[in-house]
Amino acid sequence: MKIGLFGGTFDPIHWGHLRSAEEVREAFHLDRVLFIPASVPPHKQRQDATAALDRLKMVRLAIAKNPGFAVSDVEILRPGKSYSLDTLRDFARQRRNDSLYFILGVDAFREIGSWKDFQEIFPLCHMIVTSRPGCGDLLKLGDIPVAARKLFCYDPQKKAYRHTSGTRLHFLKLTDIAISASEIRARVKAGKSIRYLVPSGVEAYIKRRGLYRSARRGE
Ligand code: ATP
């Protein structure tokens, strides 16, 4: 099977995430995209972060009707910070017969040099870097530290960069959907509508649980 692994805070999940996953799934003929909400994201330690269980439930509600999507609670169940490397190692070990594709936005990709042992990620899975409005040009290998860049060369047949380990690094331009989770949280806090920014089930869940209305309310 070809499996996409899509990590994020998903606080909350929105149409930008869902459309990204759908376009990647289609473009790479993936059998499934697994959404993996982070428990304690190393890069986003907000004081008022929403409880992991609420974020997990919102992902479940959002993907329920798409048989090509599923959710994994591995990061939420693992104690401590959520490092992508640990997650990818677990998947690589458990799914030796599957092809794994790690999906991340270009904003996250640009930060990869600061991730724990990031060079060890590349041999574990293929990587698909996706565009995001307001995040500048997609591309480029130039976004990662030189030491890592040297281990890739362009494969014109696959239209991707090939790592010395054999895995590929792809860049995919998506339909621009300028939605961010922070904008949604700010809108709820200001009492504004978030209709059509998130699936209706997620909107209802946020309302029911009183999420994002004030700092620390969701914990
Ligand atoms: P926040 O606003 O809190 O920073 P976010 O909207 O960026 O949150 P995350 O959960 O951090 O959401 O995003 C997970 C992944 O989804 C990241 O790789 C990010 O680049 C990507 N992503 C988020 N929103 C969009 C969007 N509107 N279009 C394309 N990619 C997106």
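Each ligand, and each atom within it, is numbered from 1 in the order the structure gives. Given the structure is predicted, the values throughout are model-derived calculations rather than measurements.
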Do you see a donor-acceptor pair shorter than 3.5 Å between the side chains of [X] and [Y]?
| X | Y | value |
| --- | --- | --- |
| Tyr205 | Asp54 | yes |
| Glu75 | Thr87 | yes |
| Arg132 | Ser180 | no |

Is it true that the NZ or CZ of Lys116 lies under 6.0 Å from the centre of Tyr83's six-membered ring and within 45 degrees of the ring axis?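 Yes, Lys116 sits over the ring of Tyr83.
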Parallel, tilted or perpendicular, judged at 30° and 60°: which one describes the rings of [X] and [Y]?
| X | Y | result |
| --- | --- | --- |
| Tyr161 | Phe152 | perpendicular |
| Phe122 | Phe118 | perpendicular |
| Phe28 | His170 | perpendicular |

Of all the heavy atoms in [X], does at least one lie under 4.0 Å from an atom in ligand 1?
| X | result |
| --- | --- |
| Phe6 | yes |
| Ala178 | no |
| Arg19 | no |

Mark up the atoms of ligand 1 that fall under 4.0 Å of a heavy atom belonging to [X], in ascending order.
| X | result |
| --- | --- |
| Ser131 | 29 (C) |
| Arg185 | 3 (O) |
| Ile179 | 24 (N), 26 (C), 27 (N) |
| Phe10 | 10 (O) |
| Ser182 | 1 (P), 2 (O), 3 (O) |
| Ile177 | 26 (C), 27 (N), 28 (N) |
| Gly8 | 10 (O), 14 (C) |
| Gly105 | 18 (O), 20 (O) |

For atom 22 (N) of ligand 1, tell me which residue out of Arg132, Arg110, Glu111, Arg55 has the closest non-hydrogen atom.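 Nearest option to atom 22 (N) of ligand 1, by heavy atoms: Arg132.
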Check: [X] N/O within less than 3.5 Å of ligand 1 N/O:
| X | answer |
| --- | --- |
| Thr130 | no |
| His14 | yes |
| Gly16 | no |

Take Arg25 and Asp31 through the salt bridge (Lys or Arg N to Asp or Glu O under 4.0 Å) test and state the conclusion after the steps. CA-CA 7 Å; Arg25 191 189 63 73; Asp31 297 289; over 6 Å; no
Positive for side chain to side chain contact (heavy atoms under 4.5 Å, CB included) with Met127, one of Leu88, Ile103, Ile112: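 Exactly one option meets the side chain to side chain contact (heavy atoms under 4.5 Å, CB included) with Met127, and it is Ile112.
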Mind checking whether His126 and Phe102 have side chains closer than 4.5 Å, heavy atoms only?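 No, side chains not in contact.
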Which bit of Ser20 is near ligand 1, meaning a heavy atom under 4.0 Å away: side chain, backbone, both or neither?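 Within the 4.0 Å criterion, Ser20 contacts ligand 1 through side-chain atoms alone.
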